[in-house]
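In listed order, ligands and their atoms are each counted from 1.
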Amino acid sequence: MQLNKILFLSAVILFATSCRKDEVPGPPVIPFVTTPYELERPTGFPQFNTPDDNQLTQEGVALGRRLFYDKMLSGNFTQSCASCHNQSLAFTDNGTQFSTGINGDVGTRNAQALINMAFNLHFFWDGRQPTLESQIIEPVPNPIEMHLQWSEAAQRLNANSNYKELFKKAFNVDVIDSTHVAKAIAQFIRTMISANSKLDKRLRNEIALTPSETNGFVIFNTEKGDCFHCHNIDAGRLMTDNQFHNNGLDAVFTDLGRGAITGNPADNGKFLTPTLRNIALTAPYMHDGRFATLEEVVEHYNSGGVPSETIDPLMKHVGTGLNLTNQEKADLVAFLRTMTDEEFISDPRFSDPF
Ligand code: HEC
Ligand code: HEC
């Protein structure tokens, strides 16, 4: 990469010195050079899903971090992305069921955790956005979130000499618009990797789990609990299969989920499988935050779920239930708690830079 820089600089110098004498000298050429940000892929994780036109740079990530925490991106300067995505709770919304926008309006979905987004294939509970860059365009103008038109956001940023300079350094642009903001924030969010929980240390054979956690692991990862089909550990350690399923919450759907996006009734009541990493920190649970505790979640699965037209074939115990004993339920919860990653929630690189 250093070589790239040198090559680029020499090209600029060559170009500058090759000008003919009779040409009017223009303004001095400032070479555009960024420093690559080397994102480390943890053992067992899949390939990053980074678009070719938004490779990570030190400048882009630092700028994205600033924007993520800047209340200037909301209509009345009271809310930033971090208001609903708090690092100490794995970037969820402070235990609330539904988030409140700047005007006091309340949404209908639970704020998602932002963990290992660099590997995701779909964004939002219904997967309506295909990339992190396109996802980020939504919350700023959304009236129940930050409620600021992008034209106004761009105006604010273009009037700020500090941001002008930071965007110039990161993207070589003189006029900032929403695409640059989305690119920078996406770069920052891609650096938020959680791969050092107790479970990860166990998978790397660095530590042992307690007998209760181990039993929970077995229930999770065998036909007994049947969790692993959707919250997949082996294929990439993301604790999600990145697919849409109906996990048997309702007989009648008030939120059609994936079905509202595809228009296909076979998708009604399906939602994106969430990662279970840091799950002990991200209550309440499910797309509508209906369960306050992990114990309630385990009760739901233990019941076998509610039958409906679209319930997933992998919910194999509808009607009969899993019939776990109280000890087994406690073990499963103990296992879920092993996915907490203290390093992730206290990593200074992800914290508020202001
Ligand atoms: C008012 C609260 C609120 C604010 C402010 C907010 N979000 Fe969110 N965020 C949510 C909610 C709620 C969802 C789930 C929405 C849905 O699925 O329809 C979400 C979902 C997401 C997702 C999808 C995660 C996944 O697993 O697919 C990303 C990424 C995200 N937000 C990033 C951001 C960024 C970046 C900002 C700032 C530009 C931001 N959010 C501002 C509440 C908020
Ligand atoms: C058929 C696929 C499937 C199976 C099997 C499955 N899950 Fe889920 N799980 C999902 C989906 C999809 C959601 C989100 C559903 C929603 O919000 O509507 C979810 C949500 C969750 C949540 C809440 C996550 C959050 O961020 O709110 C937890 C915890 C959970 N599952 C644990 C388990 C456990 C434990 C098992 C095994 C007993 C299990 N799951 C089995 C697909 C599945």
Quiz item: Would you call the rings of His287 and Trp125 parallel, tilted or perpendicular if under 30° counts as parallel and over 60° as perpendicular?
Solution: perpendicular

Exercise. Provide the number and element of each atom of ligand 2 under 4.0 Å from a heavy atom of Gly225.
Key: 37 (C), 38 (C)

Quiz item: Does a salt bridge link Asp126 with Arg258, judged by any charged N lying under 4.0 Å from a carboxylate O?
Solution: no

Practice problem: Classify the contact between Trp125 and ligand 2 as side chain, backbone, both or neither, using a heavy-atom distance cut-off of under 4.0 Å. | Solution: side chain

Quiz item: Charged N to carboxylate O below 4.0 Å: is that the case for Glu206 and Arg202?
Solution: no

Self-check item: Ionic contact status for Glu133 with Lys183, cut-off 4.0 Å
Solution: no

Quiz item: Which pair of heavy atoms, one from Asp347 and one from Gln87, lies closest together, and at what distance?
Solution: O-NE2, 3.0 Å

Quiz item: Hey, which atoms in ligand 2 end up nearer than 4.0 Å to a heavy atom of Leu249?
Solution: 16 (C), 18 (O)

Exercise. For residues Ser134 and Gln129, report the shortest heavy-atom separation together with the two atoms involved.
Key: OG-OE1, 2.8 Å

Exercise. Kindly indicate whether a cation-pi arrangement holds for Arg156 with Tyr163, taking the cut-offs as under 6.0 Å to the six-membered ring centre and within 45° of the axis.
Key: no

Self-check item: Nearest-neighbour protein heavy atom for atom 27 (O) of ligand 1, which is reported as residue plus atom name and distance
Solution: Phe124 N, 2.7 Å

Exercise. Using a strict cut-off of 4.0 Å, indicate which atoms of ligand 2 neighbour a heavy atom of Asp312.
Key: 1 (C)

Self-check item: Pair Glu328 + Lys224, salt bridge at N-O below 4.0 Å
Solution: yes

Quiz item: Any Lys/Arg nitrogen of Lys198 or Glu213 sitting under 4.0 Å from an Asp/Glu carboxylate oxygen of the other?
Solution: yes

Quiz item: With a 4.0 Å cut-off, would you call Asp200 and Arg237 a salt bridge?
Solution: no

Quiz item: Do other residues, nucleotides or ligands put more than 12 heavy atoms under 6.0 Å from Lys71 NZ?
Solution: no

Quiz item: Of all the heavy atoms in Val298, does at least one lie under 4.0 Å from an atom in ligand 2?
Solution: no

Quiz item: When only distance counts, is His287 in polar contact with ligand 2, meaning an N/O pair under 3.5 Å?
Solution: yes

Quiz item: Does atom CD of Gln55 have more than 12 heavy-atom neighbours, drawn from other residues, nucleotides or ligands, at distances under 6.0 Å?
Solution: yes

Quiz item: Does Asn110 reach ligand 1 with a nitrogen or oxygen that is under 3.5 Å from one of the ligand's nitrogen or oxygen atoms?
Solution: no

Self-check item: Nearest-neighbour protein heavy atom for atom 29 (C) of ligand 1, which is reported as residue plus atom name and distance
Solution: Gln135 OE1, 3.2 Å

Quiz item: Closer than 4.0 angstrom: is that true for some heavy atom of Thr100 and an atom of ligand 1?
Solution: yes

Quiz item: How many protein N, O or S atoms are found at a distance of less than 2.8 Å from atom 8 (Fe) of ligand 1?
Solution: 1

Quiz prompt | Proximity winner for atom 22 (C) of ligand 2, if only heavy atoms of Met315, Met286, Arg290 are counted | solution = Met286

Practice problem: Compute the shortest N/O to N/O distance between Leu336 and ligand 2 and return yes if it is under 3.5 Å, no if not. | Solution: no

Quiz item: Any non-hydrogen atom of Asp126 lying under 4.0 Å from ligand 1?
Solution: no

Practice problem: Cation-pi check, Arg128 to Phe124: give yes when NZ or CZ is under 6.0 Å from the six-membered ring centre and within 45° of the ring axis, no otherwise. | Solution: yes

Quiz item: Which heavy-atom pair separates Gly289 from Pro284 by the least distance, and what is that distance?
Solution: O-CB, 3.4 Å

Quiz prompt | Every N, O or S from the protein that is nearer than 2.8 Å to atom 8 (Fe) of ligand 2 | solution = His231 NE2, Tyr301 OH

Practice problem: Kindly assign one of parallel, tilted or perpendicular to the pair His85 and Phe68, based on the angle between their ring planes and the thresholds 30° and 60°. | Solution: tilted

Practice problem: Please write down residue, atom name and distance for the protein heavy atom closest to atom 26 (O) of ligand 1. | Solution: Met117 CE, 3.2 Å

Self-check item: Heavy-atom side-chain proximity of Asn54 to Gln187 below 4.5 angstrom
Solution: yes

Exercise. Name the closest protein heavy atom to atom 5 (C) of ligand 2, giving the residue it belongs to and the distance to 0.1 Å.
Key: Asp226 O, 3.2 Å

Quiz prompt | Lys/Arg N to Asp/Glu carboxylate O, Lys168 vs Glu59, below 4.0 Å | solution = no

Quiz item: Has Ser80 got any heavy atom lying under 4.0 angstrom from an atom of ligand 1?
Solution: yes

